[in-house]
Amino acid sequence: MADWAGLQTDILGVIVKKLAVPDYLRFRAVCKSWNHLCRDVFNCPRIDPWLMLPTNALNDSKFLCVPERKNQTIRLPSTVTIFGSTWIPVGSSHGWLIFYSPSHGTMQLLNPISGMQFHLPPIGRRAFSKAMLLDMNDTNFTVAVILRDQKGYKVTRKGSNSWSSVESKHDLVDIFKHRRQLYTVDIYGTVQSWAEPPRSWPDEDAPQINDPYHNLIHYPHQHGKLNCLVESPAGDLMRVKRQSNDKFVVWILNKGTFSWEKVDNIGDFALFVSYYSSVCYRAKDHLNLKSNCVYFIDSYSNLCAFNLENGTKELVEALEPAHAHGHPEPHAVRRRPEGQRYMWLIPSLR
């Protein structure tokens with residue numbers, strides 16, 4: 001019988017760093033000594049980008065590990081139908097999924113890897129847009145929600161039993177926290193920092209419409225108008241805009257001049273964008289990832305990569321269309337386009 005506990009810890013540490021999260025969990029379960037080894041903060045697994053896929057299973061969620069091109073099925077008991085109300089995923093960040101129940105107007109945070117969950121204050125039966133976990137640590141978290149029937153956003157924190165409302169001039173499409181500062185993107189593509197003094201950067205490509213008619217344009221409901229904020233592993237704030245079905249433009253916020261600079265080369269980074277969540281990875285640290293590319297879901301439910309330098313689109317993985325799974329979506333989220341039913345997840349062990 002093999003003496004697993006007798007293997008050298010330095011060799012095991014090298015192995016752990018090369019394991020994907022599912023393999024890491026199996027590794028940790030082999031014996032007590034290996035489990036103890038994994039508690040060392042330096043012995044962490046490789047964290048790959050996962051794409052959450054639509055599924056008709058009530059208890060299971062399916063994820064595509066992009067570098068390995070493998071599907072992972074994870075049982076999520078808190079997403080089962082409760083009294084006929086299905087939990088709908090409406091956000092993903094910091095390794096957590098955010099679910100909303102249209103029937104009961106309730107929300108919850110769930111970590112699909114650790115199984116931890118938090119129930120959020122009731123928000124009511126609303127026309128929902130998206131939710132974002134702005135920050136998460138051992139003692140606190142902050143969640144923001146953007147609604148389609150209200151300008152601005154709502155926010156709550158751990159331990160709170162209600163939501164606070166923050167007003168904005170126009171409807172918002174994204175909200176993001178970067179270096180302890182809050183940023184939003186409105187339907188015109190204007191980026192605003194919520195700080196003292198406040199700053200805003202208009203989108204030069206946005207249509208010029210008089211203010212009384214601003215509600216006639218709804219960027220999130222137009223498939224090609226994704227406009228989001230992402231933080232790179234180097235700590236830069238990036239703005240990603242989908243100009244058409246198969247074309248993206250990226251800007252980076254210059255910390256010195258506090259201005260946006262359009263770039264066609266983001267170096268060794270790869271962006272993964274979707275309506276509900278967007279992330280950035282260093283490509284060389286992962287199998288089969290291409291640098292200077294934007295990974296996205298096209299109008300045919302294919303996972304594709306757009307090369308920023310030469311402007312070409314490449315098929316990465318053909319996915320089964322979202323409408324092939326499950327029952328019709330609740331009215332609160334029914335208007336979201338096909339590509340909005342996928343979202344990115346950074347697996348987190350805590």
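Between the CG atom of Leu64 and the OH atom of Tyr342 there is a distance of 10.5 Å, given to the nearest 0.5 Å. In this structure, the separation between CG on Leu182 and NZ on Lys177 is 7.5 Å, given to the nearest 0.5 Å. In this structure, the separation between CZ on Arg148 and CG on Leu172 is 14.5 Å, given to the nearest 0.5 Å. Atom OG of residue Ser278 and atom CD of residue Glu231 lie 13.0 Å apart, to the nearest 0.5 angstrom. Taken from OG1 in Thr142 to CZ in Arg157, the straight-line distance is 4.5 Å, to the nearest 0.5 Å. If you take OG1 on Thr156 and CH2 on Trp163, they are separated by 5.5 Å, rounding to the nearest 0.5 Å.
With contacts defined as side-chain heavy-atom distances shorter than 4.5 Å, the pair Thr184/Ile146 does not qualify. Looking at heavy atoms from C-beta onward, Met52 lies in side-chain contact with Ser61 at the 4.5 angstrom threshold. Contact check for Lys130 versus Val90: no side-chain heavy atoms found under the 4.5 Å cut-off. Contact annotation: the side chain of Pro233 approaches that of Phe269 to within less than 4.5 Å [non-hydrogen atoms, C-beta and beyond]. Leu51 is not listed as a side-chain neighbour of Phe63, based on a closest heavy-atom distance of 4.5 Å or more. Between Val263 and Asn265, every side-chain heavy-atom pair lies at or beyond the 4.5 Å cut-off. Side chains of Cys304 and Asp246 form no contact here, defined as non-hydrogen atoms less than 4.5 Å apart. Counting heavy atoms from C-beta outward, Leu303 and Ile297 have side chains that approach closer than 4.5 Å.
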### Task
Show your reasoning for whether side chain to side chain contact (heavy atoms under 4.5 Å, CB included) applies to Leu134 and Val143.
CA-CA 6 Å; Leu134 298 177; Val143 176; over 6 Å; no
### Query
Given Thr106 and His119, is the side chain to side chain contact (heavy atoms under 4.5 Å, CB included) satisfied, shown in steps?
CA-CA 8 Å; Thr106 52; His119 290 277; over 6 Å; no
### Task
For side chain to side chain contact (heavy atoms under 4.5 Å, CB included), just list the numbers for Met107 and Ile98, CA-CA rounded to whole Å, side-chain angles, deciding distance to a tenth of an Å, and then say yes or no.
CA-CA 7 Å; Met107 297 182 66; Ile98 307 173; 3.5 Å; yes
### Query
Val273 and Cys228: side chain to side chain contact (heavy atoms under 4.5 Å, CB included), yes or no, with the steps?
CA-CA 8 Å; Val273 300; Cys228 64; 4.2 Å; yes
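Here the side chain of Asn292 pairs a donor or acceptor atom with the backbone of Asp264 at under 3.5 angstrom. Counting only distance, with no hydrogens or angles, the side chain of Asn254 and the backbone of Trp260 share no donor-acceptor pair below 3.5 Å. With hydrogens and angles disregarded, no donor-acceptor distance shorter than 3.5 Å links the side chain of Asp149 to the backbone of Arg126.
In this structure, Glu317 places its CD atom where more than 12 heavy-atom neighbours from other residues, nucleotides or ligands lie under 6.0 Å away. No more than 12 heavy atoms of other residues, nucleotides or ligands lie within 6.0 Å of CZ in Arg125, so this atom counts as exposed by the packing criterion. Enclosure of atom NZ in Lys158 by more than 12 non-hydrogen atoms of other residues, nucleotides or ligands within 6.0 angstrom is indicated.
Remark: Asn310 pairs with Asn307, Thr312 by the side chain to side chain contact (heavy atoms under 4.5 Å, CB included) rule, at least two apart or across chains. Judged as a ring-ring contact (aromatic ring centres under 6.0 Å, His included), and not counting sequence neighbours, the contacts of Phe296 are Phe248. Under the rule for a ring-ring contact (aromatic ring centres under 6.0 Å, His included), Tyr183 has no partner lying at least two apart in sequence or in another chain. Taking Ser165 as the reference, Lys154 meet the side chain to side chain donor-acceptor pair (under 3.5 Å) condition, with sequence neighbours excluded. With sequence neighbours left out, the side chain to side chain donor-acceptor pair (under 3.5 Å) criterion links Lys255 to Asp236. Shown here are the side chain to side chain contact (heavy atoms under 4.5 Å, CB included) partners of Ser277, two or more places apart in sequence or in another chain: Ser92, Ser274, Met343, Trp344.
Of all heavy-atom pairs between Asp48 and Pro347, the closest is O-CD, 3.1 Å. Pro112 and Ile74 make their closest contact through O-CG2, 3.3 Å (heavy atoms, listed as atom of the first residue, atom of the second, distance). Across all non-hydrogen atoms, the minimal contact from Asn227 to Asp174 is O-CB, 3.8 Å. Closest approach of Lys151 and Asp171 over heavy atoms only: CG-OD1, 3.2 Å. Considering every non-hydrogen atom in both Gly235 and Arg179, the closest pair reads O-NH2, 3.2 Å. Across Leu133 and Phe141, no two heavy atoms sit closer than the pair CD1-CB, 3.9 Å.
In this structure, Phe99 has its ring center at least 6.0 angstrom away from the ring center of Trp87.
Salt bridge status for Asp186 with Lys169: absent, with no side-chain N to carboxylate O gap under 4.0 Å.
Ring geometry for Tyr295 versus Phe272: interplanar angle under 30°, hence parallel rather than tilted (30 to 60°).
The hydrophobic clustering, which links ILVMFWY residues whose side-chain heavy atoms are closer than 4.5 Å, places Met116 and Leu109 together.
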